[in-house]
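Heads up, the thing below is written out as structure tokens.
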Amino acid sequence: MNPPLVITEKQAFQSQLLSWYDLNQRALPWRGERDAYRVWLSEIMLQQTRVAAVIAYYQKFLQRFPTLQALASARLSSVLAAWSGLGYYRRARMLHQAAREIVKQHSGQFPKTAGELADLPGIGRYTAAAVASIAFDEPKAVVDGNVERILNRLSGSLLTTMDSWNFAEALLFHDRPGDFNQAMMELGATVCLPRDPNCLGCPIRAFCNSRSRLKVVRLKPRRRKRTLSYALCRSSKGVLLVRRPGTSTLMPGMWELPELSSKPTLETAAFLFQVRHSITLTDYVVSVFEGNHPGPSGKHFTPAQIARLPLTGLAKKILSRAAVI
DNA sequence: AATGCGGGGAC
DNA sequence: GTCCCAGCATT
């Protein structure tokens, strides 16, 4: 299929983009990284997650699991603990599973093609192309949210998914596929922004058919607001935590504080503090009370034990705020 | 094609 | 308050 927009000056487009990238790329921990394990980890962490949120997790994770072999031989709970707070915990489970598959089925050698990579859990078309192009120079284009927005604006129309991928492949600079892909994403993240793009500072404005005119209509459901209350029960044995059911669709098997079904009166429990937390479509205002309310189930953990536990993001936030961890 | 999956930061 | 982020798996 032909790309929806024929760029006759493809070479000029690639040259402008890459020159801009070489000069203006942000310094990020995974910039210039060619090790497949590290590239892979960064791509998984960056799925639907902003760069700013990933940086610290990426560095800490690599300290904890420096190599593919270290990750593969680790317990899942350790991996989830390192992921705690980053969200989308299925990514951590699949990352761990994929590491074990590579060690077992590929004798520790990282698959080097997008086709093989895509067979691993947690690696779809985007991540397969990203790792293959960045770590192994395979000429495969990526389309993420940034690239899709750029392509829509370049073409001046809302492209179908298939047209976006074809267009991206048609534009790809085969001599530096990894840099080309990262340049497109960097442009989307810093110049071709969703709202108010900086068209005057754009290195490929000469090729753009819409500038900022293309309207994107998207109706997202409104976020709901809810209040929650949790008990912080401390004893000489540590802090009381409960484990979410393994069958739960949301954060299965992870540890959190015991929830209070209703806000206690000040006579029965001392109010400690409030924190805000957002998950999925709900914004929570969470009140934490000093608890002497040991639930029917649960287990006490010392701070040292808690540090190695897969906590929900909210539990981590509360325990951090309470100076337990 | 639509949905569920965390969480937060920029505006 | 709203948007949307270097997506994937499942249906």
Side-chain angles (χ1 to χ4, degrees), chain A residues 21 25-26 28-31 33 38-58 80 83-95 97-98 117-135 140-151 160-162 164-165 168 178-190 192-197 215-225 244 248-252 254 256 275-286 310-317:
Chain A
Y21 179 67
Q25 62 179 270
R26 293 168 292 178
L28 300 173
W30 48 87
R31 275 283 184 260
E33 185 57 66
R38 291 173 174 243
V39 172
W40 173 47
L41 176 66
S42 71
E43 292 300 339
I44 298 296
M45 284 190 165
L46 286 162
Q47 288 169 4
Q48 291 295 291
T49 308
R50 294 179 185 282
V51 165
V54 167
I55 293 175
Y57 278 89
Y58 175 78
L80 287 170
W83 209 268
S84 171
L86 195 55
Y88 286 131
Y89 299 96
R90 195 173 51 181
R91 293 183 295 177
R93 299 173 187 277
M94 293 189 293
L95 183 83
Q97 180 59 36
L117 287 163
D119 287 336
L120 292 165
I123 300 188
R125 185 172 181 179
Y126 164 82
T127 306
V131 174
S133 65
I134 295 170
K140 280 268 200 252
V142 300
V143 176
D144 73 333
N146 288 312
V147 175
E148 183 177 22
R149 183 172 59 255
I150 294 171
L151 298 179
T160 64
T161 300
M162 192 172 61
S164 290
W165 282 93
D179 284 342
F180 177 89
N181 284 331
Q182 293 182 85
M184 289 285 279
M185 294 189 280
E186 187 77 353
L187 186 70
T190 62
C192 194
L193 301 166
R195 290 172 291 205
D196 195 22
K215 279 201 173 172
V216 179
V217 182
R218 195 162 311 185
L219 280 184
K220 287 278 190 167
R222 276 185 43 202
R223 299 185 78 114
R224 292 181 291 273
K225 302 176 198 315
R244 295 179 61 81
S248 171
T249 61
L250 198 63
M251 299 172 279
M254 301 186 72
E256 59 186 355
V275 297
R276 296 180 184 282
H277 197 65
S278 301
I279 63 168
T280 316
L281 295 176
T282 308
D283 291 326
Y284 296 96
V285 176
V286 179
L311 300 173
T312 67
L314 175 56
K316 191 175 181 182
K317 186 185 289 182

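To find a chain, count down the sequence lines: A is the first, B the second, and so on, and within it residues start at 1.
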Can you figure out which of [options] approaches the side chain of [X] most closely?
X	options	result
I279(A)	dC8(C), dA6(C), dG7(B)	dG7(B)
Y88(A)	dG6(B), dC5(C), dC8(C)	dG6(B)
M94(A)	dA9(C), dG7(C), dG6(B)	dA9(C)
P194(A)	dT2(C), dC5(C), dC5(B)	dC5(C)
M251(A)	dA6(C), dG7(B), dT2(C)	dG7(B)
M185(A)	dG7(B), dA6(C), dG7(C)	dA6(C)

Review point. Mapping R195(A) and T312(A) onto DNA chain B by nearest heavy atom, which one lands closer to the 5' end?
Key: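 Whichever sits nearer the 5' end wins; that is T312(A).
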
Practice item. Check the pair N181(A), I134(A) against side-chain contact (heavy atoms from CB on, under 4.5 Å), reporting the backbone distance first and the verdict last. Key: CA-CA 8 Å; N181(A) 284 331; I134(A) 295 170; 5.6 Å; no

Check your understanding: When you measure from the side chain of R91(A) to the backbone N and O of Q47(A), does any donor-acceptor pair fall under 3.5 Å?
Key -> yes

Between [atom2] on [N] and [atom1] on [X], what's the gap in Å once rounded to a whole number?
X	N	atom1	atom2	value
R276(A)	dG6(B)	CZ	C1'	18 Å
M184(A)	dA6(C)	CE	P	14 Å
L46(A)	dG8(B)	CG	P	17 Å
E148(A)	dC4(C)	CD	C1'	12 Å
I44(A)	dG6(B)	CD1	P	15 Å
R93(A)	dT10(C)	CZ	P	14 Å
L120(A)	dG7(C)	CG	P	19 Å
L80(A)	dC5(B)	CG	P	16 Å

Do the side chain of [X] and the base of [N] come within less than 3.5 angstrom through a donor-acceptor pair of N or O atoms?
X	N	result
R223(A)	dG8(B)	yes
R91(A)	dC5(B)	no
T49(A)	dG6(B)	yes
R50(A)	dC4(C)	yes

Phosphate contact ([N] OP1 or OP2) by [X] side-chain N/O below 4.0 Å:
X	N	value
K317(A)	dG7(B)	no
Y89(A)	dG7(B)	yes
T161(A)	dA1(B)	no
K225(A)	dG1(C)	yes
R149(A)	dC5(C)	yes
Q48(A)	dG7(C)	yes
H277(A)	dG7(B)	yes

Review point. Can L80(A) and R93(A) be said to form a side-chain contact (heavy atoms from CB on, under 4.5 Å), step by step?
Key: CA-CA 7 Å; L80(A) 287 170; R93(A) 299 173 187 277; 3.9 Å; yes

Check your understanding: For I123(A) and W40(A), which heavy atoms make the closest approach, and how far apart are they?
Key ->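 Scanning both residues, the minimum pair turns out to be CD1-NE1, 3.4 Å.
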
Exercise for review: Might you point out which heavy atoms bring Y126(A) and V143(A) nearest each other, and give the distance in Å?
Suggested key: CD1-O, 3.9 Å

Pick base, sugar-phosphate or nothing for [X], based on heavy-atom distances below 4.0 Å to the nucleic acid.
X	result
G85(A)	sugar-phosphate
M45(A)	nothing
R244(A)	nothing
L250(A)	sugar-phosphate
W30(A)	base
T127(A)	sugar-phosphate

Review point. Roughly how far apart, to the nearest Å, are dA6(C) and dG4(B) at atom P?
Key: 23 Å

Review point. Which value, in whole Å, describes the distance between the P atoms of nucleotides dC8(C) and dG9(B)?
Key: 24 Å

Study note, to complete from the structure: On DNA chain C, more 5' by nearest nucleotide between L28(A) and G122(A) is L28(A)

**Study point:** S42(A) or A118(A), whichever maps to the more 5' nucleotide of DNA chain C
**Key:** S42(A)

Check your understanding: Are L187(A) and N146(A) close enough that some pair of their side-chain heavy atoms sits under 4.5 Å apart?
Key -> no

Exercise for review: Side-chain contact test, heavy atoms from C-beta onward, threshold under 4.5 Å: evaluate it for L46(A) versus Y58(A) and give yes or no.
Suggested key: no

Review point. Does CZ belonging to R276(A) count more than 12 external heavy atoms closer than 6.0 Å?
Key: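 No, CZ of R276(A) has 12 or fewer neighbouring heavy atoms, counting only those of other groups under 6.0 Å.
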
